[in-house]
Amino acid sequence: MKPALKNKHVDIAIIGTGTSGMGAYREARKYTDSIALIEGGEYGTTCARVGCMPSKLLIAPAELRHNTEKFTDFGLQGEVPKVDGKAVMNRVKFERDRFVGFVNEDVESFDQKHLVKAYASFIDDHQLKLSNGETISADKIIIATGSRPNIPSFFEQAGDRLITNDDVFSWDDLPKSIAVFGAGVIGLELGQALHRLGVKTHLFGVGDAVGPLSDPDVIASALNIFKDEFPFHSNGQVKSIVRTDQGVQITFKPSPDDDEITETFDYLLAATGRKANIDRIDIENTTLALDERGVPLYDPMSMQCGNSHIFIAGDVNGDVPLLHEAADEGRLAGENAARFPNVFKRSRKTVLGVVFSDPQIATVGASFSSLNAKHGCDFAVGSVSFEGQGRSRVMLVNKGLLRVYGDKETGVLLGAEMIGPHNEHLAHLLAWVVQMRMTVSEVLQLPFYHPVIEEGLRTALRDLLFNLGMGSHPPLNCIDCGPGS
Ligand SMILES: Cc1cc2nc3c(=O)[nH]c(=O)nc-3n(C[C@H](O)[C@H](O)[C@H](O)COP(=O)(O)OP(=O)(O)OC[C@H]3O[C@@H](n4cnc5c(N)ncnc54)[C@H](O)[C@@H]3O)c2cc1C
Ligand SMILES: NC(=O)c1ccc[n+]([C@@H]2O[C@H](COP(=O)([O-])OP(=O)(O)OC[C@H]3O[C@@H](n4cnc5c(N)ncnc54)[C@H](O)[C@@H]3O)[C@@H](O)[C@H]2O)c1
């Protein structure tokens, strides 16, 4: 794709051609033919190249192999399959390239005169400097520059063995060992997958944090589950990181009271959060008001920065850095940049996050910590453990805990945090009813089949109804629920 922009002034300039930038482009294109869609790095989006898709491609064989470890528990016989690291990575890369190919086809289908291949930064509120030496002025500008891995300087002692998710998906083979730093979403997904693919994996966290969870009971359940499976130092103390001839030597205390241990790994994978790409676009050359992170103050219902002609969408604003949110924000920014100054506000979707660990972690709507901060004691909690849950036990996936939150005044379901089997599905159902502002009683009127994992959700909702003071105590071994529900 060749840069083809001739005009130096456009109606709308979009900085970044990731998910949010492409969404913005498609929407803006409905209103104007005067657009510059600017990309400094590779086309293909973070999600398809080094994010959502390749990570799930790595998780899939890991989970399949892990399930074969349960053969004997079911009375089946068979070997746990050996891992052919080269073949695993081949498939990851082949399928990843296919997904990237679809994105590239999209970009190729755009009007080529709109595409600019360069990094852009602000000269002032209307002018952009390009890394190819040119400038573009625009009536309206959308910032959609995404994020990049955040790497604490301490990790640099790992030298050439310091890697991020960007590197993992270009491996030709699996390594023998890896130290994963950060028990957030990326660390849990990639760390567990690599462990299950036979890579010696240690996961280092901070302060017992697990993924996006804030509910102490769900965190405790998650810590137990993961620590049972692989070395997870959720509150470890790292004393030193040294690049040696053998790899990366890490000296650490697994927890503050333990003795020091020294282990050597092939790589140190930094999964310690992401940094918004706001610091490389000279945002301070604009008149926009910035927050403490240097991100322009903006309205999440319109994506407009202050009352200006500048809009911000996707990971770069750091609000909810997820794919579907980046797509929504991009579309909204594109529409509003085109409409400016007649900007529309749109209500946003219920927050929904899924971690593709096993069991899966999910968060829906209001988090436990946000409710605690906002409501004091105005909300009640209902819970269910998946350990005794019928269908989960049948399938030998009976681990985890679901906690649902409801408003004490109205009985409206507010949110949930969970770790449990196939929770991506429960989380969607919950997000839909939370968005519809349904009460707990109304949700309990909806059908629940038997025997399914959703019956566990019903148990949690009945518990919540009781704790809200709006229903009777759920029977211990509920007959109408079917055995083990
Ligand atoms: C390992 C991993 C797994 C993930 N898994 C999931 C998942 O399962 N589900 C989910 O919902 N989300 C997931 N995410 C998050 C998701 O990928 C992001 O939220 C989403 O891709 C953000 O899109 P974006 O448009 O904001 O940024 P991007 O897609 O990163 O696009 C930003 C673009 O801007 C370009 N750019 C940057 N600066 C400039 C500049 N100055 N000039 C020109 N161009 C510039 C970049 O090169 C890039 O192409 C994952 C992320 C990672 C890293
Ligand atoms: N399934 C998904 O939807 C999915 C998957 C992957 C990534 N993502 C997106 O990408 C974002 C970034 O993921 P991430 O996992 O890098 O960030 P994160 O914010 O989820 O987790 C970072 C973790 O690193 C820990 N940490 C920070 N400094 C540390 C240190 N020095 N040593 C050890 N741990 C340290 C933090 O306590 C935190 O738990 C996520 O917030 C999410 O929005 C989503």
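Atoms within a ligand are numbered from 1 in the order they appear, just like the ligands themselves. These values consider heavy atoms only, across backbone and side chains, with no hydrogens, waters or symmetry-generated copies.
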Does A183, backbone or side chain, put an N or O under 3.5 Å from an N or O of ligand 2?
no

Nearest heavy atom to atom 11 (O) of ligand 1, choosing from L323, V320, V354, belongs to L323

Contacting atoms of ligand 2, where contact means under 4.0 angstrom from a heavy atom of V206
29 (C), 30 (C), 32 (N), 33 (C), 34 (N), 35 (C)

Can you tell me which portion of T46 lies within the under-4.0 Å heavy-atom range of ligand 1? Options are side chain, backbone, both, or neither.
both

Donor-acceptor pair, distance only, cut-off 3.5 Å: does the side chain of D124 make one with the backbone of Q127?
yes

May I ask you to check whether L322 has an N/O atom sitting below 3.5 Å from an N/O atom of ligand 2?
no

Parallel under 30°, tilted from 30 to 60°, perpendicular over 60°: which one fits the rings of W432 and H428?
perpendicular

Those atoms of ligand 1 less than 4.0 Å from some heavy atom in Y119
39 (C), 40 (C), 41 (N), 42 (N), 43 (C)

Kindly state if atom 36 (C) of ligand 2 has a protein heavy atom within a strict 4.0 Å cut-off, that is, under 4.0 Å?
no

Just to confirm my output: which protein heavy-atom neighbour is closest to atom 11 (C) of ligand 2, and how far is it?
R274 CD, 4.1 Å

Ligand 2 to E189, heavy atom cutoff 4.0 Å, flagged ligand atoms 1 (N), 2 (C), 5 (C)

Evaluate S147 for polar contact with ligand 1, using N/O atom pairs at a separation under 3.5 Å.
no

To atom 7 (C) of ligand 2, the nearest of V320, I186, L352, L188 on a heavy-atom basis is I186

Option with minimal heavy-atom separation from atom 36 (N) of ligand 1, where the choices are N165, N317, L352, T145:
T145

Would you kindly specify which portion of R274 sits under 4.0 Å from ligand 1, judged on non-hydrogen atoms: side chain, backbone, both or neither?
side chain

Just checking, is any N or O donor in the side chain of S255 or N235 under 3.5 Å from an acceptor N or O on the other one?
no

Tell me which part of L323 gets within contact of ligand 2: side chain, backbone, both or neither, using heavy atoms under 4.0 Å.
neither

Between E189 and ligand 1, does any nitrogen or oxygen pair lie at a separation below 3.5 Å?
no

Applying side chain to side chain contact (heavy atoms under 4.5 Å, CB included) to K93 and F169, what does each step give before you reach the verdict?
CA-CA 7 Å; K93 290 191 286 186; F169 307 118; 5.8 Å; no

Proximity to ligand 2 by part of A271, non-hydrogen separation under 4.0 Å:
backbone

Does the N or O separation between K56 and ligand 1 drop below 3.5 Å for any pair?
yes

Please work out whether the ring planes of H233 and H202 are parallel, tilted or perpendicular, with thresholds of 30° and 60°.
tilted

Can you check whether Y298 and F311 have ring centres sitting under 6.0 Å from each other?
no

Sub-3.5 Å N/O-N/O distance, D315 and ligand 1
yes

With a 4.0 Å cut-off on heavy atoms, is G273 in contact with ligand 2?
yes

K176 atom NZ: more than 12 heavy-atom contacts under 6.0 Å
no

My understanding is that we take every heavy atom of each candidate and find the minimum distance to atom 51 (C) of ligand 1. Doing that for S121, P149, G51, which one comes out nearest?
G51

Can you check whether I281 has an N/O within less than 3.5 Å of an N/O in ligand 1?
no

